Protein chains: 2
Amino acid sequence: MEAEAELDAVFKALADRTRRAVLDRLRERGGLTLVDLCEHMEMSRQAVSKHVAILESAGLVATRRSGREKLHYLNPIPIHEIQERWISRYERGRLAALANLKNALEGRND
Amino acid sequence: MEAEAELDAVFKALADRTRRAVLDRLRERGGLTLVDLCEHMEMSRQAVSKHVAILESAGLVATRRSGREKLHYLNPIPIHEIQERWISRYERGRLAALANLKNALEGRND
DNA sequence: TTGACAGGCAACCATTCAGTTGCCTAATTT
DNA sequence: AAATTAGGCAACTGAATGGTTGCCTGTCAA
């Protein structure tokens with residue numbers, strides 16, 4: 001996948017608190033089924049299923065079939081890549097940008 | 001703002017390549033006007049303006065008025081907070097999660 | 001002082017998104 | 001064999017998104 005498209009997919013997947021909650025559950029315990037993931041979610045199984053599908057297609061969740069169950073696991077790689085290939089660029093210039101912003105907002109015209 | 005609501009706002013703001021392009025421009029050079037930001041963007045000024053408004057309300061961009069111009073600056077804090085308060089949790093358990101995932105996908109049933 | 005320029009506001013449009021319901025298949029359990 | 005359980009598919013709905021156009025208000029420069 002093209003780099004920008006992958007950023008789109010991952011950031012979009014993360015831009016929903018239900019999906020972030022699913023990731024948090026899988027981070028603390030892998031191998032959960034869809035029914036497991038539905039626990040404490042105040043929406044239908046189908047709604048959760050759609051969210052999981054979005055996480056899957058962004059590569060954030062990988063699955064394995066076992067009989068009639070589908071076990072879900074966190075794939076940490078996309079988040080790592082976002083950190084390394086996108087966020088780190090902003091972290092690098094962070095203090096300089098902050099100082100620049102402060103100067104600008106204090107009205108200095110340079 | 002509530003923590004989850006702020007994550008929503010920032011991730012949603014980042015989930016669009018036009019808005020990420022605006023941030024990239026402001027990262028390399030602050031103090032740009034809306035007209036500056038429209039350069040190389042293949043859409044109307046109003047469309048860009050809406051994107052900038054979303055970045056502003058997520059706190060990623062701060063502005064200062066100067067006469068009839070509005071100067072835009074990158075605010076690096078929200079990205080830093082996402083990194084520190086959200087991503088770092090995933091980075092910490094990264095290698096363990098990766099090993100777990102690999103085992104699971106190789107069919108081990110434990 | 002008149003025109004050009006930076007920006008804001010509002011209405012509209014098509015598409016996507018988050019959720020629902022209803023039904024279906026396949027694997028288990030009893 | 002029958003009932004239950006895990007999951008998938010499709011159609012529908014309302015709201016949010018990303019874009020457009022038209023017009024309006026300040027500010028600056030000729």
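Letters A, B, ... mirror the listed sequences (proteins, then strands); counts begin at 1. No experiment lies behind these values; they were computed from the predicted model shown.
With DNA chain C read from its 5' end, the first of the two nearest nucleotides for Lys50(A) and Gly67(A) is the one closest to Lys50(A). Where Val48(A) and Asp36(B) each meet DNA chain C at their nearest nucleotide, the meeting point lying more 5' is that of Asp36(B).
Met41(B) has its CE atom 13 Å from the P atom of dT20(D), to the nearest Å. One atom, CD of Gln46(B), and another, P of dG8(C), lie 10 Å apart when rounded to the nearest Å. Put simply, CD on Glu42(A) is 16 Å from C1' on dT20(C), counting in whole angstrom units. Rounded to an integer number of Å, the gap from CG of Asp8(A) to P of dT17(D) is 15 Å. Nucleotide dG19(C) holds its P atom 15 Å from the CZ atom of Arg45(A), rounded to whole Å. Taking atom CZ on Arg20(B) and atom P on dG18(D), their separation rounds to 12 Å, with Å as the unit. When rounded to the nearest whole Å, the span between CG of Leu34(B) and C1' of dG8(C) equals 10 Å. As a whole-Å value, the separation of His51(A) NE2 from dT16(C) C1' is 14 Å.
The minimum heavy-atom distance linking Pro78(B) with Val10(B) is given by the pair CB-CG2, 4.0 Å. Counting all heavy atoms, side chain and backbone alike, Leu37(B) lies closest to Arg25(B) at O-NH1, 3.7 Å.
Distance from the side chain of Thr18(B) is smallest to dG19(D) among dG7(D), dG19(D), dA18(C). Closest to the side chain of Arg68(B), from the set dA6(D), dT27(D), dT20(C), is dT27(D). The side chain of Thr33(A) lies closest to dA6(D) when the candidates are dG7(C), dA6(D), dA11(C). Among the nucleotides dA18(C), dG19(D), dT21(C), the one closest to any side-chain atom of Ala47(B) is dG19(D). Distance from the side chain of Arg19(A) is smallest to dA18(C) among dG7(C), dT21(D), dA18(C). For Met43(B), taking side-chain heavy atoms from C-beta onward, the closest of the listed nucleotides dT20(D), dG7(C), dG8(D) is dT20(D). Taking only side-chain atoms of Ser44(A), from C-beta outward, the nucleotide of dG7(C), dT21(C), dG22(D) with the closest atom is dT21(C).
Remark: Arg65(A) is not in phosphate contact with dG7(D), judged by side-chain N or O atoms under 4.0 Å from OP1 or OP2. Dashed line: the shortest gap from a side-chain N or O of Lys70(A) to OP1 or OP2 of dG8(D) is under 4.0 Å.
Taking 4.0 Å as the cut-off between side-chain N and carboxylate O, Lys70(A) and Glu56(A) count as a salt-bridged pair.
The side-chain tip of Arg27(A) points at the ring of Tyr90(B) from less than 6.0 angstrom away and within 45° of straight on.
Nucleic acid contact class of Ile54(A) (heavy atoms, under 4.0 Å, all strands): sugar-phosphate only.
Note on ring orientation: taking the six-membered ring where Trp is involved, the planes of Phe11(A) and Trp86(A) are perpendicular (angle over 60°, cut-offs 30° and 60°).
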